[in-house]
Asker: 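Submitted below is the structure of interest, expressed as structure tokens.
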There are 2 protein chains.
Amino acid sequence: MASDASITFEQPCPIRDVLDRIGDKWSLLVLEALEPEAKRFHILMRELGDISKQMLSRTLRKLEQDGYVHRTVFAEVPPRVEYKLTSQGRSFLEPMKSLVAWADKHHAGIVMARDRFTESAPA
Amino acid sequence: MASDASITFEQPCPIRDVLDRIGDKWSLLVLEALEPEAKRFHILMRELGDISKQMLSRTLRKLEQDGYVHRTVFAEVPPRVEYKLTSQGRSFLEPMKSLVAWADKHHAGIVMARDRFTESAPA
DNA sequence: CTGAATCCTCAAGGATACTG
DNA sequence: CAGTATCCTTGAGGATTCAG
């Protein structure tokens with residue numbers, strides 16, 4: 001069942017595979033929202049503010065699929081579902097935080113460079 | 001000329017802005033290709049293998065615009081253009097490397113989790 | 001050699017309505 | 001409450017052609 005009859009060249013570079021999935025519009029935000037504690041669906045909706053149910057659902061599923069998030073369904077009425085980081089999810093946030101810190105520090109400069117560039121080479 | 005008449009809410013989060021631009025298909029690859037040394041356009045084409053002129057051009061321009069890469073034009077015949085990392089570009093690669101290392105280490109597990117998930121919840 | 005301009009395709013993102 | 005199904009729009013990615 002391993003189904004590795006032949007090596008494919010789809011993902012020559014792990015970081016690309018990871019970034020392709022986590023580098024979308026919401027994944028990182030969701031992971032960060034879940035970092036302090038497990039949260040329910042509608043709570044995530046509220047905290048993320050401008051995300052739609054559709055996108056949150058898709059994002060959570062992808063994160064669950066790749067093993068960043070664990071989904072727990074409580075057989076209650078009304079339904080309750082909690083999402084929490086897996087150890088892999090927490091592990092991922094560590095190096096990611098360095099990057100976030102870098103972005104915080106350099107963002108102003110980037111925006112300035114961008115503006116300068118745009119001004120000297122308009123439309 | 002500052003053109004900051006009003007504060008906009010476009011980029012509430014620096015990391016999102018950075019990832020939106022660097023998290024595309026080629027930017028990171030280009031930065032890594034430029035890390036050891038400055039390189040010419042067609043050299044980058046060759047090293048990246050499956051990138052088109054179009055995309056390489058766009059990617060380089062975006063990276064130049066955001067201040068990761070410096071572009072040097074030599075007034076020669078035939079034209080020669082070299083790209084090299086700026087200090088910001090090199091600086092960026094530092095935290096990025098932690099992430100790359102993380103991806104290398106966890107990629108196999110992610111792929112496995114993904115496959116397992118797909119098998120238990122097919123089409 | 002280095003790119004810009006044009007055109008095309010496909011999938012990410014999203015609004016909305018429906019379901020268990 | 002927590003989703004899924006459907007439909008739509010936009011833009012990233014890419015092949016090709018033209019230009020300096």
Side-chain angles (χ1 to χ4, degrees), chain A residues 10 13 16-30 33-34 38-66 69-84 117-118 120-123, chain B residues 10-13 16-30 33-34 38-66 69-84 117 121-123:
Chain A
E10 318 159 349
C13 183
R16 280 180 83 178
D17 186 36
V18 169
L19 277 189
D20 263 13
R21 311 260 304 178
I22 222 77
D24 66 358
K25 191 168 180 181
W26 299 108
S27 292
L28 182 58
L29 278 297
V30 170
L34 289 177
K39 281 170 187 167
R40 301 177 59 174
F41 190 88
H42 77 281
I43 299 294
L44 285 169
M45 281 277 286
R46 292 191 38 157
E47 291 196 3
L48 296 177
D50 51 345
I51 192 174
S52 68
K53 302 201 309 188
Q54 170 70 280
M55 286 313 298
L56 180 55
S57 180
R58 284 187 198 171
T59 302
L60 284 169
R61 283 237 272 155
K62 252 181 25 182
L63 292 176
E64 185 194 1
Q65 180 175 14
D66 279 18
V69 163
H70 182 71
R71 180 172 177 269
T72 310
V73 183
F74 298 88
E76 303 175 356
V77 177
R80 182 159 66 100
V81 181
E82 267 191 3
Y83 295 90
K84 67 171 181 179
F117 196 93
T118 304
S120 59
Chain B
E10 318 159 350
Q11 309 300 344
C13 183
R16 281 180 82 178
D17 186 37
V18 169
L19 276 189
D20 263 15
R21 311 260 303 178
I22 222 77
D24 65 359
K25 190 169 181 181
W26 298 108
S27 293
L28 183 58
L29 278 298
V30 170
L34 289 178
K39 281 170 187 166
R40 300 179 58 176
F41 189 87
H42 77 281
I43 299 293
L44 285 169
M45 281 277 288
R46 290 192 37 157
E47 291 197 3
L48 297 178
D50 51 344
I51 192 174
S52 68
K53 301 197 315 184
Q54 169 70 283
M55 286 314 297
L56 179 55
S57 181
R58 283 188 199 170
T59 302
L60 284 169
R61 286 249 263 154
K62 251 182 25 182
L63 292 176
E64 185 194 0
Q65 181 175 12
D66 280 18
V69 163
H70 182 70
R71 180 172 178 269
T72 309
V73 184
F74 298 88
E76 303 175 357
V77 178
R80 181 158 68 99
V81 181
E82 267 191 4
Y83 295 90
K84 65 171 182 181
F117 196 93

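Chain identifiers are assigned alphabetically (A, B, ...) following the order of the sequence lines, protein sequences preceding nucleic acid strands; residue numbering begins at 1 within each chain.
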Asker: Side-chain N or O of Arg40(B) less than 4.0 angstrom from OP1 or OP2 on dT2(C)?
Answerer: yes
Asker: Separation of Leu63(A) atom CG from dG3(D) atom C1', in whole Å?
Answerer: 16 Å
Asker: Could you give the CG-to-P distance, from Leu28(A) to dA12(C), as a whole number of Å?
Answerer: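 My rounded result for the distance is 18 Å.
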Asker: Looking only at N and O atoms, is any donor in the side chain of Glu76(B) or the base of dT2(C) less than 3.5 Å from an acceptor on the other one?
Answerer: no
Asker: Does Glu82(A) or Asp50(B) map to a spot on DNA chain D nearer the 5' end, using the closest nucleotide for each?
Answerer: Glu82(A)
Asker: Return the nearest nucleotide to the side chain of Asp24(B); candidates are dG13(D), dG20(C), dC1(C).
Answerer: dG13(D)
Asker: Name the residue closer to the 5' end of DNA chain D, choosing between Ser52(B) and Val73(A) according to the nucleotide with the nearest heavy atom.
Answerer: Val73(A)
Asker: Send over the distance from Leu56(A) CG to dG13(C) P, rounded to a whole Å.
Answerer: 13 Å
Asker: Give a yes/no on whether any side-chain N or O of Arg61(A) is located under 4.0 angstrom from OP1 or OP2 of dT4(D).
Answerer: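 So the side chain of Arg61(A) is within the cut-off, an N or O lying under 4.0 Å from OP1 or OP2 of dT4(D).
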Asker: I need the CE-P distance between Met55(A) and dT4(D), as an integer number of Å.
Answerer: 13 Å
Asker: Rounded to the nearest angstrom, tell me the gap between atom NZ in Lys39(B) and atom C1' in dT2(C).
Answerer: 18 Å
Asker: Flag yes if more than 12 heavy atoms outside Lys39(B) fall under 6.0 Å of its NZ atom; otherwise flag no.
Answerer: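 Atom NZ in Lys39(B) is crowded, with more than 12 foreign heavy atoms closer than 6.0 Å.
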Asker: Whole-Å distance between dA4(C) P and Lys62(B) NZ?
Answerer: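 Answer to the nearest Å: 15 Å.
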Asker: Reckon Arg58(B) touches a base, only the sugar-phosphate, or nothing at all at heavy-atom distances under 4.0 Å?
Answerer: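 The residue Arg58(B) makes base contact.
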Asker: Please pick, from dT6(C), dG3(C), dG14(C), the nucleotide with the shortest atom-to-atom distance to any side-chain atom of Ser57(B).
Answerer: dG3(C)
Asker: Taking all heavy atoms of Tyr83(A) and all of Leu44(A), pick out the closest pair and write down the distance.
Answerer: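 Here Tyr83(A) and Leu44(A) meet closest at CD1-CD1, 4.3 Å.
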Asker: Taking only side-chain N and O atoms of Trp26(A), does any of them lie within less than 4.0 angstrom of OP1 or OP2 on dA12(C)?
Answerer: no
Asker: Rounded to the nearest angstrom, tell me the gap between atom CE in Met45(A) and atom P in dT4(D).
Answerer: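 Between P of dT4(D) and CE of Met45(A): 13 Å.
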Asker: Taking atom P of dC1(D) as reference, at what distance in whole Å does atom CG of Leu44(A) sit?
Answerer: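 Leu44(A) atom CG is separated from dC1(D) atom P by 14 Å.
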Asker: Just to confirm, is there a sub-4.0 Å distance from OP1 or OP2 of dC1(D) to any side-chain nitrogen or oxygen of Tyr83(A)?
Answerer: no
Asker: Return whichever of Lys53(A) or Gln54(B) has its heavy-atom-nearest nucleotide of DNA chain C closer to the 5' end.
Answerer: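 On the 5' side of the pair lies Gln54(B).
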Asker: Taking atom types as modelled, is there a side-chain donor on Gln54(B) or Arg58(B) under 3.5 Å from an acceptor on the other?
Answerer: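 Arg58(B) and Gln54(B) do have a side-chain donor-acceptor pair below 3.5 Å.
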Asker: So for atom CZ, which belongs to Arg80(B), do other residues, nucleotides or ligands contribute more than 12 heavy atoms lying within a distance under 6.0 Å?
Answerer: yes
Asker: Might you point out which heavy atoms bring Lys53(A) and Phe41(A) nearest each other, and give the distance in Å?
Answerer: O-CZ, 3.8 Å
Asker: Please determine whether a side-chain nitrogen or oxygen atom of Arg71(B) lies at a distance below 4.0 Å from atom OP1 or OP2 of dG3(C).
Answerer: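 Yes, because at least one side-chain N or O of Arg71(B) sits under 4.0 Å from OP1 or OP2 of dG3(C).
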Asker: Would you say the base of dG13(C) and the side-chain of Lys25(A) have a donor-acceptor pair closer than 3.5 Å?
Answerer: no
